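What follows is one structure encoded as structure tokens, with my remarks underneath.
Here the structure is a predicted model, which means the values were calculated and not measured. Just so it is clear: chains get the letters A, B, ... in the order the sequence lines come, proteins before strands, and each one is counted from 1.
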There are 2 protein chains.
Amino acid sequence: MGSRKVSNPLALAVLALLFERPMHPYEMGRLLRERDKERSIRYNRGSLYMVVNQLLRAGFVAAQETVREGQRPERTVYALTDAGHAELHDWMRAEVSTPHQEFPRFMAALSLMGVLRPAEAAELLATRLAALTEQVDAVRAETRAAMEHGLDRVFLMEEEYRLALLDAERAFVANLIELIKQPDFGQVWHEFHQERP
Amino acid sequence: MGSRKVSNPLALAVLALLFERPMHPYEMGRLLRERDKERSIRYNRGSLYMVVNQLLRAGFVAAQETVREGQRPERTVYALTDAGHAELHDWMRAEVSTPHQEFPRFMAALSLMGVLRPAEAAELLATRLAALTEQVDAVRAETRAAMEHGLDRVFLMEEEYRLALLDAERAFVANLIELIKQPDFGQVWHEFHQERP
DNA sequence: GGGGTCATGTAATAGGTTACATGATTCT
DNA sequence: AGAATCATGTAACCTATTACATGACCCC
């Protein structure tokens, strides 16, 4: 509840799409897919209709017309209202200028790692390290391919960010593995498991 | 739906707490707070009772006894079942060994940044950079203080991870700001806004 | 012309957050 | 003794995901 009437990032994406031109929900879905937004924004078809409805109730979008082609269900075309335009701009400014507290799964896992035995943890971390390395390579390859296809680098900034995060995590994990192997690290941790069956 | 019957990270934390000893929900909440888990796991009191119920239905925990002290509401003490013990271990292994796809808000923002004018974006990013720097400093100071109080470094791994991510983002943002300032960067972006009112 | 898959939604269900309640304890 | 805070939950309300439907189009 960032105090905004609608706070789901998918809603922000919808506002951004309608900033280009009015369209109906299915088209939004198609564009999001074509532009690979699934990689950076979590959603599914159900949530798309949901947020469009939320935006409608909030007055940020309005139904512009309802057309029916043949026997297919009616498609409602939505357009940005003035309030929606303002919200898009203001919301984007907030998202760019202010970091949002995140709760990555791995942070939770780290904070609970005590329940695993140290040696086991080290093994699992090695597996993770391998997976991360693969992901880094995959992202690098994909962005290189996309740019060779002529896509402007501006449209790949989110992938460069992803890469930065992945790489930082890779370094962290590699370092943690070495740490755990050192005998003087995590005395309490070892002791806790010594007393267990 | 990682195909697990209960998938909320808070549930993992609850299992981990019950691995230490049986306890009632309110005590879980108190321990989570005392140990600063709020920083790494998103939850509120409502969700605590919710996940305990989910775990109960899934058979991972069982009500051990219900005590009443004075006129206070009854407190139900829960304990791990064998299935819960197995789930905790298996789930932890998965969380540590396998990266989970994340959707940070900033990644969404980057992928929609086109709706802002380049100069505006650069300014907002500078604000973000300052905020990130403050956060980095704050985390460094807090962990240093905690260690000086005698807390073992093992218990601060999630903070070191946080630091790694924050720092990577800082570097990324600083670099992006410079990029945007270069005149040959983001031609399409500039053009898109040239045609707008 | 029958079997996929595209197009287009709605409805049912589960998940999660906020608001509401209320006795006990402690502080001043 | 009144105010603040702790202890302890339940209920109401959103939000989000999954399941269900169904006509059109395309491929073999």
message = So, does B:Asn8 get its side chain near the phosphate of C:dG15, meaning an N or O under 4.0 Å from OP1 or OP2?
response = no
query = Quick one: is A:Tyr26 getting a side-chain N or O under 4.0 Å of the C:dA7 phosphate, OP1 or OP2?
reply = yes
Whole-Å distance separating the [atom1] atom of [X] from the [atom2] atom of [N]:
X       : N      : atom1 : atom2 : value
B:His24 : D:dT10 : NE2   : P     : 14 Å
A:Glu34 : C:dA7  : CD    : C1'   : 14 Å
A:Arg57 : D:dC14 : CZ    : C1'   : 9 Å
B:Glu27 : D:dA7  : CD    : P     : 11 Å
A:Leu31 : C:dC6  : CG    : C1'   : 16 Å
A:Glu38 : D:dT17 : CD    : C1'   : 16 Å
B:Asn53 : D:dT10 : CG    : P     : 8 Å
B:Leu55 : C:dA14 : CG    : P     : 17 Å

task = Please determine, for the side chain of B:Met50, which listed nucleotide (C:dT17, D:dT17, D:dG9) has the closest atom?
result = C:dT17
request  = Choose from D:dT15, C:dG16, C:dG9 the nucleotide whose nearest atom is closest to any side-chain atom of B:Gln54.
outcome  = C:dG16
Test: A:Arg128 cationic atom under 6.0 Å from A:Phe106 six-membered ring centre, within 45° of axis = yes
query = Applying side-chain hydrogen bond (donor to acceptor under 3.5 Å, both in side chains), which residue pairs with at least one partner in residues 105-116 of chain A are found, sequence neighbours left out?
reply = A:Arg105-B:Glu95
request  = Scan for ring pair (Phe, Tyr, Trp, His ring centres under 6.0 Å) pairs involving residues 114-136 of chain B, sequence neighbours excluded, and state none if there are none.
outcome  = none
key: Partners meeting salt bridge (charged side-chain N to carboxylate O under 4.0 Å, His left out) with B:Glu160 (sequence neighbours left out)   = B:Arg153
query = By salt bridge (charged side-chain N to carboxylate O under 4.0 Å, His left out), which residues pair with B:Asp137, not counting sequence neighbours?
reply = none
request  = Please write out which residues are connected to B:Tyr49 in a hydrophobic cluster, directly or through intermediates, given that two of Ile, Leu, Val, Met, Phe, Trp, Tyr count as joined at side-chain heavy-atom separations below 4.5 angstrom.
outcome  = B:Tyr26
request  = Decide whether A:His193 and A:Glu120 meet the rule of one side-chain donor and one side-chain acceptor closer than 3.5 Å.
outcome  = no
Within residues 42-49 of chain B, residues whose heavy atoms come under 4.0 Å of DNA chain D = B:Arg45, B:Tyr49
